[in-house]
Amino acid sequence: MDDSDDDEEMSFEESLQYDKLGEVTVDELQSIEKQIAEQADMPEWAVVQQFFVDTAKRIMTGSGSVIGRRASSFVRGALEEVIRTAPNGEDLPQMQVDPTTAMTLLGSYYYDGTLGEQDYHKAFEYYERAASRGGVRAMLNLGYCYQYGHGTERDREKACDCYNVVYLAEPSDPEARYKMADMFFNGYGVPRNERVAVRAYLEILHAVTMAEDEESNSWFEANKESLYRRLALAYRDGRGVKRSPLKALGYYEKLEVIHYRDLAQGRRDTPYYSTAKHLDDVQKEIAKLRKELDEDPTAAAM
């Protein structure tokens, strides 16, 4: 028997027992449901103010399950109500979720499929609305949509424009500078300039590894694999920097450690590549570089 046939007939109490609960406990969910029910006279944005920020992402951990669908429906409705109720963010107490943030969040949820429905066109529309209101994160995400043709036609020049706006607004943001460096490295939307790109990669790497704030550390953890890969390629082939087999080897060895760790933690695939295959590719590059260094010791000084 397919359990999903009975999903719509289950009471909230029954679904709690049925569901695989992820990070949110049964008691927490019951408490949240009770508190929401008790706020019948409060506007929706006020409910969001009190309960959304600390709980929404954890509740949606079970997205696609009974609890996940219920939570996702509430989150979507609440954010849409914020946008309708406070289009200009005026005459409201200090909201943890303002209309611009609500638009950006909805865009991200549709982009990633967090709400159970992946829709690039809706994501693009929300990002565009939020960006027009000065939303920096929305502008960055709009750049992704233009670069990869998600929800709109691919337009790398517009993607560059978006990334540049964010970089000028927040020059210390590593993500915006990183995306601009990628555009220069590949010649996407701007004339190719590998020297500028590699210099930016190195400066970003230095900045995030020296930083002590949680945001920079989090960005580095999420992006160090791709950053090391770009620098390994640059030094291996002399793209934008003097060729150095020894420096290339150093970055490939860092990649090898990352992939070993990922495999040890059970990570096999991502949307972009097979971890095991990338480990094999990295080890082949390491073998080639070591052979080159053994055959030509002067290469170590390059």
Side-chain angles (χ1 to χ4, degrees), residues 140 143-144 146-149 154 156-157 159-160 162-164 166-167 173-211 216-263 267-302:
L140 185 65
Y144 279 98
Y146 280 123
Q147 182 176 352
Y148 299 108
R154 174 175 289 185
R156 287 170 171 163
E157 289 187 5
C160 270
C162 292
Y163 298 145
N164 194 46
V166 178
Y167 174 63
D173 181 351
E175 180 69 10
R177 190 176 186 192
Y178 186 53
K179 290 305 298 179
M180 281 302 299
D182 275 350
M183 303 304 267
F184 278 112
F185 193 73
N186 295 292
Y188 291 161
V190 290
R192 185 189 297 270
N193 192 327
E194 294 173 342
R195 184 179 297 275
V196 166
V198 175
R199 185 168 66 246
Y201 291 146
L202 290 169
E203 290 174 354
I204 292 168
L205 179 61
H206 175 74
V208 295
T209 52
M210 295 297 290
S216 294
N217 293 336
S218 177
W219 185 89
F220 181 53
E221 282 302 312
N223 293 277
K224 63 183 179 181
E225 188 273 338
S226 59
L227 187 53
Y228 289 154
R229 188 172 297 282
R230 283 158 174 74
L231 287 169
L233 179 64
Y235 280 110
R236 186 194 71 182
D237 299 336
R239 295 180 59 181
V241 70
K242 184 177 180 180
R243 185 173 186 272
S244 174
L246 186 62
K247 288 183 179 180
L249 177 62
Y251 286 115
Y252 276 119
E253 287 176 337
K254 291 179 185 292
L255 286 170
E256 183 180 37
V257 171
I258 290 172
H259 292 316
Y260 267 130
R261 180 206 63 194
D262 289 344
L263 287 170
R267 176 183 170 189
R268 292 293 184 273
D269 299 286
T270 72
Y272 307 106
Y273 64 86
S274 161
T275 304
K277 182 181 184 304
H278 259 206
L279 175 60
D280 184 58
D281 291 342
V282 164
Q283 289 175 332
K284 288 178 180 177
E285 291 295 336
I286 288 173
K288 288 180 184 177
L289 289 166
R290 284 178 177 164
K291 182 179 180 182
E292 180 178 351
L293 289 167
D294 288 340
E295 293 176 349
D296 181 10
T298 61
M302 290 183 181

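Please read these numbers as outputs of a predicted model, since none were measured by experiment.
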message: Any non-hydrogen side-chain atom of Glu175 less than 4.5 Å from a side-chain atom of Asn223?
response: yes
Step-by-step side chain to side chain contact (heavy atoms under 4.5 Å, CB included) determination, Met183 to Gln147: CA-CA 10 Å; Met183 303 304 267; Gln147 182 176 352; 4.0 Å; yes
message: With a 4.5 Å cut-off on side-chain heavy atoms, are Arg177 and Glu203 touching?
response: yes
field: Exercise: identify the closest heavy-atom pair between Gly143 and Ala159
entry: O-CB, 3.4 Å
Salt bridge Glu292-Arg243, side-chain N to carboxylate O under 4.0 Å: yes
task: Give the minimum heavy-atom separation between Val166 and Ala176, together with the two atoms involved.
output: CG1-CB, 3.6 Å
- request: To the nearest 0.5 Å, tell me how far Leu263 CG sits from His278 NE2.
  value: 12.0 Å
- request: Ignoring hydrogens and angles, state whether a donor on the side chain of Tyr201 or Asp182 is under 3.5 Å from an acceptor on the partner side chain.
  value: yes
query: Out of curiosity, Asp296 CG to Lys291 NZ, how far, rounded to the nearest 0.5 Å?
result: 13.0 Å
query: Tell me, do Tyr178 and Tyr167 make a side-chain contact under 4.5 Å, heavy atoms counted?
result: no
query: Side chains of Trp219 and Ile204: closer than 4.5 Å at any heavy-atom pair?
result: yes
- line: Residues Ala232 and Ala248: closest non-hydrogen pair is O-CB, 3.7 Å
task: Return the minimal non-hydrogen interatomic distance between Val208 and Ser216, and the atom names on each side.
output: CB-O, 4.3 Å
Least distance between heavy atoms, Val241 atom then Ala234 atom: CG1-O, 3.7 Å
- prompt: Got Gln283 and His259 here, is their nearest side-chain heavy-atom distance under 4.5 Å?
  reply: no
message: Quick check for you: to the nearest 0.5 Å, what is the distance between Glu194 atom CD and Asn186 atom CG?
response: 8.5 Å
query: Do Arg192 side-chain atoms and Phe185 backbone N/O form a donor-acceptor pair below 3.5 Å?
result: yes
task: Give a yes-or-no answer on whether the side chains of Glu285 and Tyr251 include a donor-acceptor pair shorter than 3.5 Å.
output: no
field: Least distance between heavy atoms, Tyr148 atom then Arg154 atom
entry: O-NH2, 3.7 Å
query: Rounded to the nearest 0.5 Å, how far apart are CD1 of Ile258 and CG of Leu279?
result: 11.5 Å
Asn164 side chain reached by Met180 side chain, heavy atoms, under 4.5 Å: yes
message: For Lys277, is there an ion pair with Asp281 - N to carboxylate O distance below 4.0 angstrom?
response: yes
query: Looking at CG of Leu205 and CZ of Arg230, how far apart are the two atoms once the value is rounded to the nearest 0.5 Å?
result: 13.0 Å
- prompt: How long is the span from the OH atom in Tyr235 to the CG atom in Leu246, to the nearest 0.5 Å?
  reply: 11.0 Å
message: Using the rule given for salt bridge (Lys or Arg N to Asp or Glu O under 4.0 Å), can you reason through Glu225 versus Arg229, listing the C-alpha separation, both sets of side-chain angles and the distance that settles it, and then say yes or no?
response: CA-CA 6 Å; Glu225 188 273 338; Arg229 188 172 297 282; 2.7 Å; yes
message: Would Glu253 and Ile286 count as a side chain to side chain contact (heavy atoms under 4.5 Å, CB included) here? Give the steps.
response: CA-CA 7 Å; Glu253 287 176 337; Ile286 288 173; 4.2 Å; yes
- line: With sequence neighbours left out, the residues meeting ring-ring contact (aromatic ring centres under 6.0 Å, His included) with Phe184 are none
